[in-house]
Amino acid sequence: MEVYSIDEAFLDLTGLSTDDLVSYSHTMRATIHQWTGIPLSIGVAPTENAGELANRLAKRSPEAQGVVTLISASANRNDSSSDPH
């Protein structure tokens, strides 16, 4: 985890599928809110700058329920299929 500021951090979740990223993000959001009472939003993206944008969208979009991902399922499949290992 890279702590960016007092109220912001970046996590490297490489290896999780897009569906797992969304599910994990919702679980993390609910757990943190339950333990601290602090509402939060989560942006999932391949870069920190895109993560900032996703987070801003998550804050402003009620239908997102606090989580926005800018990683498509097809991009996730393409990345894993091109991995030679």
Side-chain angles (χ1 to χ4, degrees):
M1 177 170 60
E2 175 188 343
V3 177
Y4 185 72
S5 67
I6 193 167
D7 65 347
E8 194 169 357
F10 296 100
L11 299 174
D12 182 354
L13 301 175
T14 302
L16 292 178
S17 70
T18 302
D19 290 340
D20 290 341
L21 285 169
V22 172
S23 176
Y24 183 76
S25 297
H26 280 289
T27 300
M28 184 170 35
R29 181 177 184 268
T31 301
I32 291 170
H33 188 264
Q34 179 183 3
W35 289 357
T36 67
I38 299 170
L40 68 140
S41 56
I42 297 176
V44 180
T47 66
E48 290 179 3
N49 286 337
E52 294 266 355
L53 173 62
N55 185 45
R56 191 164 291 136
L57 293 170
K59 287 179 184 175
R60 295 182 180 172
S61 174
E63 58 272 359
Q65 299 177 3
V67 175
V68 167
T69 181
L70 298 181
I71 299 173
S72 70
S74 62
N76 190 271
R77 282 193 299 273
N78 290 339
D79 289 345
S80 63
S81 65
S82 65
D83 184 13
H85 300 281

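Between Ser17 and Asp20, the side chains place a donor N or O and an acceptor N or O closer than 3.5 Å (distance only, hydrogens not considered). For the 3.5 Å distance criterion, the side chains of Asn49 and Thr47 fail to qualify, holding no donor opposite an acceptor.
Under the 4.5 Å side-chain criterion, counting only non-hydrogen atoms from C-beta, Val22 is not in contact with Asp19. A 4.5 Å side-chain heavy-atom check between Met28 and Leu11 finds at least one atom pair inside the cut-off.
Between the side chain of Arg29 and the main chain of Leu40, a donor-acceptor pair closer than 3.5 Å is present. Ser25 contributes a side-chain N or O that, together with a main-chain N or O of Leu21, makes up a donor-acceptor pair within less than 3.5 Å.
Identified under the side chain to side chain donor-acceptor pair (under 3.5 Å) test for residues 53-63, with sequence neighbours left out: Ser41-Asn55, Ser61-Glu63. A ring-ring contact (aromatic ring centres under 6.0 Å, His included) check over residues 40-72, counting only residues at least two apart or in different chains, returns nothing. Pairs passing the ring-ring contact (aromatic ring centres under 6.0 Å, His included) check and including a residue from residues 6-27, sequence neighbours excluded, read Tyr4-Phe10.
Cluster partners of Leu57 are Leu53, Val68, Leu70, counting Ile, Leu, Val, Met, Phe, Trp and Tyr whose side-chain heavy atoms approach within less than 4.5 Å, directly or via other members.
Residues forming a side chain to side chain donor-acceptor pair (under 3.5 Å) with Thr36 (at least two apart in sequence, or on another chain): none. Taking the side chain to side chain donor-acceptor pair (under 3.5 Å) definition, one finds that Ser5 meets it with Asp7, sequence neighbours left out.
Hydrophobic clustering of Ile, Leu, Val, Met, Phe, Trp and Tyr side chains at less than 4.5 Å, counting indirect connections, keeps Trp35 apart from Val67.
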